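To keep things clear, I will list the structure first and then write my remarks on it.
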There are 2 protein chains.
Amino acid sequence: MRISKKTQYGLRAMIHIAKNGKKSLKEIAKAENISVDFLEKILKDLQSNGLLVSKKGSSGGYSLARKPEKIYAGEIVETLEGIVPVECEGCQMARICSSKNIWDDVKDSLQETLYSKTLKDLIK
Amino acid sequence: MRISKKTQYGLRAMIHIAKNGKKSLKEIAKAENISVDFLEKILKDLQSNGLLVSKKGSSGGYSLARKPEKIYAGEIVETLEGIVPVECEGCQMARICSSKNIWDDVKDSLQETLYSKTLKDLIK
DNA sequence: CTCATAACCGACTTGATTAGTCGGTTTTAA
DNA sequence: TTAAAACCGACTAATCAAGTCGGTTATGAG
């Protein structure tokens with residue numbers, strides 16, 4: 001049960017942009033001490049999943065696709081690594097499986113926690 | 001955010017023993033359709049962490065170290081893969097980090113969910 | 001117009017972790 | 001005494017996480 005660096009970096013980058021407005025990849029990478037090349041892929045993911053908008057060329061950069069109070073931590077985690085802890089689809093035993101319940105509970109509580117916080121909550 | 005096969009198998013094995021009493025490795029592996037060799041290591045882990053007791057020789061096998069109502073799902077997960085989602089120890093920024101809070105929340109809700117269910121709850 | 005800047009894109013590498021295998025040893029009770 | 005069972009350590013294959021690299025495309029400032 002651990003959160004990948006990718007997700008950790010992604011959240012930090014989103015928070016950085018929420019706090020400072022439009023920023024370039026380089027600026028974010030430097031401020032947050034993250035590898036530029038790695039962060040690039042992360043920001044691309046966030047962009048193609050509708051959490052960031054990007055602008056090419058000089059004076060370009062990344063900015064939030066929505067207001068901070070409309071972006072949920074859960075969306076970031078879901079984009080960068082997913083929240084489903086156990087894949088029961090396809091398992092024949094799923095109907096009668098005694099352990100399925102608890103994995104469903106874990107998923108629910110994870111969702112609950114991650115969707116109860118927006119970027120606005122986090123930058124305070 | 002996913003639960004390893006090791007943990008999934010471990011929980012299923014614990015449930016199997018809770019339902020059926022003392023069982024041998026082979027019996028559990030067959031009933032739960034898990035590789036014998038892999039399950040062996042899992043049961044060893046559960047034994048050395050005080051969740052199972054084992055008996056060698058003929059008519060040996062594994063049984064619960066405590067009553068099912070005294071064994072928490074969280075103990076099983078903690079033994080087989082750990083619950084801490086993000087390691088902030090050693091990070092210089094931890095004091096002022098805006099994202100630390102949410103990872104703490106995730107950890108708390110995970111603990112809450114996993115320690116609110118005992119094996120007894122699960123076998124019903 | 002052009003050029004520096006910045007995002008886009010795909011392929012590749014490296015190391016760690018997961019999931020599993022295998023061969024042999026020790027203990028126990030029927 | 002012997003079959004059944006747990007114990008033990010080393011090994012392997014596949015997958016994934018994390019990071020690197022080289023080049024392409026778009027854009028606005030000068």
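Residue numbers start from 1 in every chain, and the chains themselves are labelled A, B, ... in the order their sequence lines are given, proteins ahead of strands. The model shown is predicted, which means the values in this text are computed figures rather than measured ones. Every heavy atom of this structure was used, including side-chain atoms; hydrogens, water molecules and symmetry mates were not.
In this structure, A:Lys5 atom NZ and D:dC16 atom P are separated by 20 Å, rounded to whole Å. Computed from coordinates, the B:Glu40 CD to C:dT21 P distance equals 12 Å when rounded to whole Å. In this structure, the CD atom of B:Glu81 is 13 Å from the C1' atom of C:dA19, given to the nearest Å. Straight-line distance from the NZ atom of A:Lys56 to the P atom of D:dT27: 7 Å, rounded to whole Å. The CG-P distance, from B:Asp45 to C:dT18, rounds to 12 Å in whole Å. B:Gln47 has its CD atom 18 Å from the P atom of C:dT26, to the nearest Å. Summarising the geometry, the separation between NZ on A:Lys44 and P on D:dT24 is reported as 19 Å, rounded to the nearest angstrom. Whole-Å rounding puts the B:Leu52 CG to D:dA6 C1' distance at 12 Å.
Between B:Phe38 and B:Tyr9, the angle of the ring planes goes over 60°, which puts this pair in the perpendicular group of the 30/60° scheme.
For C:dA19, the OP1/OP2 oxygens have no side-chain nitrogen or oxygen of B:Tyr9 closer than 4.0 Å. Remark: A:Lys41 is not in phosphate contact with C:dC8, judged by side-chain N or O atoms under 4.0 Å from OP1 or OP2. Taking 4.0 angstrom as the limit, B:Tyr62 places a side-chain polar atom (N or O) nearer than this to OP1 or OP2 of D:dC7. Distances shown here put a side-chain N or O of B:Ser54 below 4.0 Å from the OP1 or OP2 atom of D:dC7.
The nucleotide whose nearest atom lies closest to any side-chain atom of B:Ser59 is, among D:dA18, D:dA6, C:dA29, C:dA29. Checked against C:dA19, D:dG19, C:dA29, the side chain of B:Ser4 finds its nearest nucleotide in C:dA19. Among the nucleotides D:dA18, C:dT26, C:dA30, the one closest to the side chain of A:Lys6 is D:dA18. Of the candidate nucleotides D:dA26, C:dA19, D:dG28, C:dA19 has the atom nearest to the side chain of B:Arg2.
Here the closest non-hydrogen pair linking B:Gly50 and B:Ala65 is O-CB, 3.4 Å.
Taken together through direct or relayed side-chain contacts under 4.5 Å among Ile, Leu, Val, Met, Phe, Trp and Tyr, A:Val36 and A:Leu11 form part of one hydrophobic cluster.
With respect to A:Glu75 and A:Arg66, a salt bridge is recorded, a charged nitrogen being found less than 4.0 Å from a carboxylate O. Salt-bridge check for A:Lys41 with A:Asp45: failed, with every basic side-chain N at 4.0 Å or more from each acidic carboxylate O.
Judged purely by distance below 3.5 Å, without hydrogens or angles, the side chains of B:Tyr115 and B:Glu78 pair a donor atom with an acceptor atom.
Residues from residues 21-39 of chain A lying near DNA chain D, meaning a heavy-atom separation below 4.0 Å, are A:Ser35, A:Asp37, A:Phe38 in numerical order.
For the side chain to side chain donor-acceptor pair (under 3.5 Å) with B:Ser98, the qualifying choice from A:His16, A:Arg12, A:Lys19, A:Lys124 is A:Lys19, the only one to do so.
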